[in-house]
Amino acid sequence: MNGLGHATPSYGPAARSAGYAARPPGCASWPEARDAQSRKWLPYAETGTAQSHRLFCLPFAGGGASSFMGLRRNAPAWLDVQPVQLPGRESRTAEPPLRSVEDVVTALVEALRPWLDRPFALLGYSLGARIARALILRLRREDLPLPHILFLAAHRAPNAPSRRPPLHMLPSDAFWARLAAYNGTPSEVLANQELRDLLEPMLRADFEMAEGAMPAATPLPCPVVAFAGTEDPFAGPQDMAGWALETRGDFELVTVEGAHFFLRTNARCFMDHVFSRAARRLLPQPVAA
């Protein structure tokens with residue numbers, strides 16, 4: 001449905017070289033303070049996992065945490081892939097969807113706070129790329145741990161014009177016709193009026209976020225890898241190249257065969273790219289003899 005050199009992370013300027021010994025601000029019991037609210041956002045999170053690093057995945061418009069189960073199931077033994085569940089879908093269908101990126105980030109920072117106890121990366125797919133960018137800016141503002149690398153997929157750079165006319169305010173029939181043309185919505189949803197009625201408020205809220213302006217910001221402090229589908233009409237390689245201006249770190253543009261949803265249609269290739277670059281940035285490099 002519509003709707004992935006080794007730096008030492010830290011919790012503040014004085015601790016930039018101190019690793020993860022310090023507790024994040026506001027966490028009374030670390031790392032045991034993983035409450036029910038956090039688990040709403042991270043439905044697959046488990047305490048006591050052996051993985052040394054984490055990858056938090058933020059979904060496309062209409063997508064849920066299950067969209068990243070391929071990444072989670074195929075992850076290397078050292079990487080804990082944690083898909084994020086936004087309100088209004090899958091296990092959170094009964095909750096009203098959020099309509100602004102800032103509202104999502106405000107709640108998400110609190111949910112993630114107990115889980116930032118080890119080096120991590122972020123992956124934002126389409127709408128998730130917007131959320132990931134805003135999340136890093138908030139983490140930096142609150143002096144919380146920052147990702148070692150940011151993966152952005154299928155979303156144009158902030159300085160690139162949108163190639164998709166707005167749709168979140170369209171009448172219902174036109175809204176669904178446009179979604180069908182994007183080839184991202186399952187046919188069983190398009191054919192079922194009851195499902196459409198159930199999902200439409202959440203999808204409209206997501207597209208309202210996806211179609212809003214991305215405010216200018218100082219460059220991100222982490223390296224960025226941008227994934228562009230070779231046949232993506234909305235966020236092709238030329239649309240994503242501008243992410244290079246959004247980071248003070250290294251930038252890499254990777255093309256993946258496919259259209260907007262290469263996460264599904266070319267999953268193995270996408271996963272291999274994510275895991276190899278995550279290993280390069282997250283794992284300590286061996287010391288030469």
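Hydrogens, waters and symmetry mates are skipped; everything else that's a heavy atom, side chains included, is used.
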request  = Any chance you could lay out the side chain to side chain donor-acceptor pair (under 3.5 Å) test for Glu110 and Trp41, step after step, and finish with the verdict?
outcome  = CA-CA 10 Å; Glu110 294 309 308; Trp41 292 85; over 6 Å; no
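- Rounded to the nearest 0.5 angstrom, Leu139 CG and Leu112 CG are separated by 7.5 Å.
- Ser66 OG to Arg89 CZ: the interatomic distance, rounded to the nearest 0.5 Å, is 10.5 Å.
- The line from CG of Leu179 to CG of Leu199 is 10.0 Å long, rounded to the nearest 0.5 Å.
- There is no path of hydrophobic side-chain contacts, each under 4.5 Å, that joins Tyr44 to Phe120.
- For the pair Arg204 (side chain) and Leu170 (backbone), a donor-acceptor distance under 3.5 Å is present.
- Between the side chain of Arg54 and the backbone N or O of Leu116 there is no donor-acceptor pair closer than 3.5 Å.
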ask   = Does the salt bridge (charged side-chain N to carboxylate O under 4.0 Å, His left out) test come out yes or no for Arg118 and Asp80, once each step is laid out?
value = CA-CA 10 Å; Arg118 58 197 69 181; Asp80 180 23; 5.4 Å; no
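- Under the 3.5 Å distance criterion, the side-chain polar atoms of Asp239 are matched with a main-chain donor or acceptor of Gly236.
- Between Glu246 and the choices Arg156, Arg130, Arg133, the salt bridge (Lys or Arg N to Asp or Glu O under 4.0 Å) rule is met once, by Arg133.
- Note that the CG atom of Leu86 and the NZ atom of Lys40 stand 13.5 Å from one another [nearest 0.5 Å].
- Considering only heavy atoms from C-beta on, Trp176 comes within 4.5 Å of Leu203 through its side chain.
- A ring-ring contact (aromatic ring centres under 6.0 Å, His included) with Phe261 is found for one member of Phe270, Phe60, Phe234 and no other, namely Phe60.
- Residues Ile136 and Pro221 form a side-chain contact, since some pair of their non-hydrogen atoms from C-beta on lies under 4.5 Å apart.
- Here the closest heavy-atom approach between residue Ala134 and residue Glu102 is recorded as CB-OE2, 4.1 Å.
- Residues Asn74 and Arg268 form a side-chain contact, since some pair of their non-hydrogen atoms from C-beta on lies under 4.5 Å apart.
- Within the 3.5 Å criterion, the main-chain N or O of Cys222 finds a donor-acceptor partner in the side chain of Thr247.
- A distance-only check finds a donor-acceptor pair linking the side chain of His53 to the backbone of Leu282 [under 3.5 Å].
- Between Ser172 and Glu200 there is a side-chain heavy-atom pair separated by less than 4.5 Å.
- The aromatic rings of Phe227 and His273 sit tilted, their planes meeting at an angle between 30° and 60°.
- Of all heavy-atom pairs spanning Ala154 and Ala235, the tightest one is C-CB, 3.4 Å.
- Atom CG in Leu42 sits 7.5 Å away from atom CG in Leu108 (nearest 0.5 Å).
- Within the 4.5 Å cutoff, the side chain of Trp243 has heavy atoms near those of the Pro158 side chain.
- In this structure, Trp78 is a member of the same hydrophobic cluster as Phe151, with clusters built from ILVMFWY side-chain heavy atoms closer than 4.5 Å.
- A donor-acceptor pair under 3.5 Å is absent between the side-chain atoms of Asn266 and the main chain of Phe262, judged by distance alone.
- Heavy-atom minimum distance, Ser126 versus His155: O-CD2, 3.1 Å.
- Side-chain atoms of Tyr125 and Cys57, non-hydrogen and from C-beta on, never get closer than 4.5 Å to each other.
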Indicate every side-chain donor-acceptor pair of residues 211-220 with a distance under 3.5 Å to a residue at least two apart or in another chain.
residue: Glu211; atom: OE1; partner: Leu167; partner atom: N; Å: 3.2
residue: Glu211; atom: OE1; partner: His168; partner atom: N; Å: 3.3
residue: Glu211; atom: OE1; partner: His168; partner atom: ND1; Å: 2.7
residue: Glu211; atom: OE2; partner: Leu167; partner atom: N; Å: 2.9
residue: Thr218; atom: OG1; partner: Arg140; partner atom: NH2; Å: 2.7

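- Side-chain polar atoms of Ser38 and Arg113 form no donor-acceptor pair below 3.5 angstrom.
- Contact annotation: the side chain of Phe68 never approaches that of Leu55 to less than 4.5 Å [non-hydrogen atoms, C-beta and beyond].
- Nearest heavy-atom pair, Pro237 versus Gly229, reported as atom, atom and distance to 0.1 Å: CD-O, 3.6 Å.
- In the hydrophobic clustering of this structure, Met202 groups with Leu195; members are Ile, Leu, Val, Met, Phe, Trp, Tyr whose side-chain heavy atoms approach within less than 4.5 Å, directly or through other members.
- In plain terms, the two heavy atoms of Ser67 and Leu263 that are nearest each other are O-CD2, 3.9 Å.
- Side chain of Arg72 to backbone of Gln82: no donor-acceptor contact under 3.5 angstrom is found.
- Residues Thr230 and Glu257 form a side-chain contact, since some pair of their non-hydrogen atoms from C-beta on lies under 4.5 Å apart.
- The distance from the CZ atom of Phe175 to the CZ atom of Phe207 is 6.0 Å, given to the nearest 0.5 Å.
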